[in-house]
Amino acid sequence: MIVFYSEEHRLQSGRSELNDGQLVPCYEKPARADIVRNRLDAIGFGSVRAPEPHGLTPLERVHDVGYLAFLQNAWGEWVQEHGDWDALPLNWVAPGMHRRVVPRSIDGRLGYYSFDAGTPITAGTWRAATSAADSALSGADRIRAGDRSAFALCRPPGHHAGKAFYGGYCFLNNAAIAAQSLRDGGAARVAVLDVDYHHGNGTQEILWERGDALFVSLHADPVDEFPYFSGHADETGAGAGEGANLNLPLPWGTDWAAYAETLDVAARRIRAFAPDVLVVSLGADTYGGDPISRFRLLSEDFLRMGAAIAGIGLPTLFVMEGGYAVDDLGVNVANVLTGFEDS
Ligand SMILES: [Zn+2]
């Protein structure tokens, strides 16, 4: 399996995020990608390549042009206004307020285009985010060229980013960008399977009215867990996409036995949709040792997860999402990939 990885991920290195009422060091940090890369090297897994630059066009197939311009320029505007410190939003729109006018103020636009205060924009955010999208797109190119699988070691992650919003450590939706690229490259139908602990609200929003793209997500129930306002079982898509969105929320404390049963439900739904290709949003924050999550998967369970995904029987692009137990993240992610390859 070819692995795409860009050193430019390091350019996204925020100082702090809002968590439990305090500004704390960012959980989403460069060490996450480093440990995955190091583990893959240590076990001699695949061949690691730098991604090819793909430019703005494939990003514009998924994201709003105004949003992309905002992301590209936000840091410069923030520094002019506030100086060299992480850009975090201050407030958001609520029902009864209006979004029809895009604020001129950078503070106003940070709130306009985001949904949380956990996702600092820094000097290197745009370059890091576009390098991650390039990894996903390069992986999609390999699938299109006939590879059975590829792994895009994306950082920052992407599944919380929507057409015109960022949050949850995500700026560009790498999985959705790859899925669209596969569609544009000739796949008639694509499926995205999201196994991150958190609901992939951005991917759902992007694919909501799409009948050619199935979104299936296993995640912690949003009545208890971030992102709270997305991920319920009754969210099934709309318009042409009605029925092409399957949310499988699970309670805190879910272990492999319960997870495996639900993953089987997801696999059957994907096979019934009969896509040409599968994109997996691979978060390993379902791990029992994760500092911000509450499922109980063990490291060896990730081998079984990889085997179960292989059992779906589709060309598969893995796209890295979350996972914050940094010491164990390399083993857990590598286990999914080796579990897939050995099946
Ligand atoms: Zn997550």
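Computed from heavy atoms alone, side chains included, the values below leave out hydrogens, waters and symmetry copies. Throughout, residue positions are numbered sequentially from 1 according to the sequence presented. Just so you know, ligand 1 is whichever comes first in the structure, and atom 1 is the first atom listed for that ligand.
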What one should report as the nearest heavy-atom pair of Phe4 and Ala50 is CD2-O, 4.0 Å
Would you say Glu321 reaches the Zn ion (ligand 1) with an N/O/S atom under 2.8 Å?
no
Mind running ring-ring contact (aromatic ring centres under 6.0 Å, His included) on Phe318 and Phe340 for me, showing each step along the way?
CA-CA 10 Å; Phe318 291 93; Phe340 179 94; 5.1 Å; yes
Considering all heavy atoms of both residues, which atom of Ala175 and which atom of Glu321 are nearest to each other, and what is their separation?
CB-OE2, 4.0 Å
Got an N, O or S from His219 under 2.8 Å of the Zn ion (ligand 1)?
no
Decide yes or no for Asp184 and Arg61: does some side-chain heavy atom of the first lie under 4.5 Å from some side-chain heavy atom of the second?
yes
So the angle subtended at the Zn ion (ligand 1) by Asp285 atom OD2 and His198 atom ND1, rounded to 10 degrees, is 100°
So which N/O/S atom does Asp196 have closest to the Zn ion (ligand 1)?
OD1
